[in-house]
Amino acid sequence: MDTTKKTNYLGFLEELMACTNTTKADLARGLNTSWQNIQDKFNLGDVKISKAEELAGVMGYKVRYALDDGSHTIK
């Protein structure tokens, strides 16, 4: 997934949702919250890392992080 062109920090989750055919209603059910709560997070475009991990977990994925200086990647 190419997130370099995204200005929205949650763009990677939107792409994952599209790949997995997951809706915001699915995420809300998976987190036992309202659709409006999920919508607010995406409208804001920024959440805590722990919440991004929870959202990805509903779709069956685990978030991994990498630091990249352009020439090296640290995992």
Side-chain angles (χ1 to χ4, degrees):
M1 287 182 257
D2 181 13
T3 58
T4 59
K5 297 177 184 155
K6 296 279 185 185
T7 57
N8 179 342
Y9 293 122
L10 299 183
F12 74 99
L13 286 174
E14 292 172 334
E15 288 185 32
L16 185 57
M17 287 172 62
C19 290
T20 59
N21 294 319
T22 302
T23 66
K24 291 176 184 168
D26 295 330
L27 294 177
R29 279 191 294 277
L31 295 178
N32 197 27
T33 189
S34 68
W35 177 89
Q36 292 85 355
N37 186 10
I38 300 297
Q39 182 64 35
D40 288 344
K41 291 180 186 330
F42 280 88
N43 284 343
L44 179 63
D46 193 11
V47 295
K48 291 181 180 179
I49 291 173
S50 59
K51 188 54 69 178
E53 290 172 341
E54 288 179 16
L55 291 166
V58 170
M59 293 179 270
Y61 288 85
K62 184 175 179 179
V63 176
R64 293 178 49 193
Y65 305 95
L67 299 174
D68 185 0
D69 68 0
S71 60
H72 300 89
T73 301
I74 303 169
K75 292 186 180 181

* To do: Could you grab the distance from atom CG of L31 to atom CD of E54, nearest 0.5 Å is fine?
  =>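 Here the interatomic distance stands at 5.5 Å.
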* Asked: Taking atom CD1 of I38 and atom NZ of K51, what is their separation to the nearest 0.5 Å?
  ->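 It is 7.0 Å, given to the nearest 0.5 Å.
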Residue pair [X] / [Y], side-chain heavy-atom distance below 4.5 Å:
X   : Y   : value
M59 : L27 : yes
L13 : F42 : yes
L55 : V63 : no

* Asked: Which pair of non-hydrogen atoms, one from K41 and one from V47, has the smallest distance, and what is that distance?
  ->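 Answer, listing the atom of K41 first, then V47: CB-CG1, 3.7 Å.
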* Heavy-atom pair with the smallest gap, counting every atom of A25 and W35 ->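 Shortest heavy-atom separation between A25 and W35 comes out as N-CD1, 3.4 Å.
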* Asked: Which residues pass the side-chain hydrogen bond (donor to acceptor under 3.5 Å, both in side chains) test with D40, sequence neighbours left out?
  -> none
* Return the set of residues passing side-chain hydrogen bond (donor to acceptor under 3.5 Å, both in side chains) with N43 (not counting sequence neighbours), or none when no residue passes. =>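 Here the qualifying residues are Q39.
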* Asked: Sequence neighbours excluded, which residues qualify as side-chain contact (heavy atoms from CB on, under 4.5 Å) partners of S34?
  -> Q36, N37
* Asked: Please walk me through it: do D26 and V58 pass side chain to side chain contact (heavy atoms under 4.5 Å, CB included)?
  -> CA-CA 8 Å; D26 295 330; V58 170; 5.6 Å; no
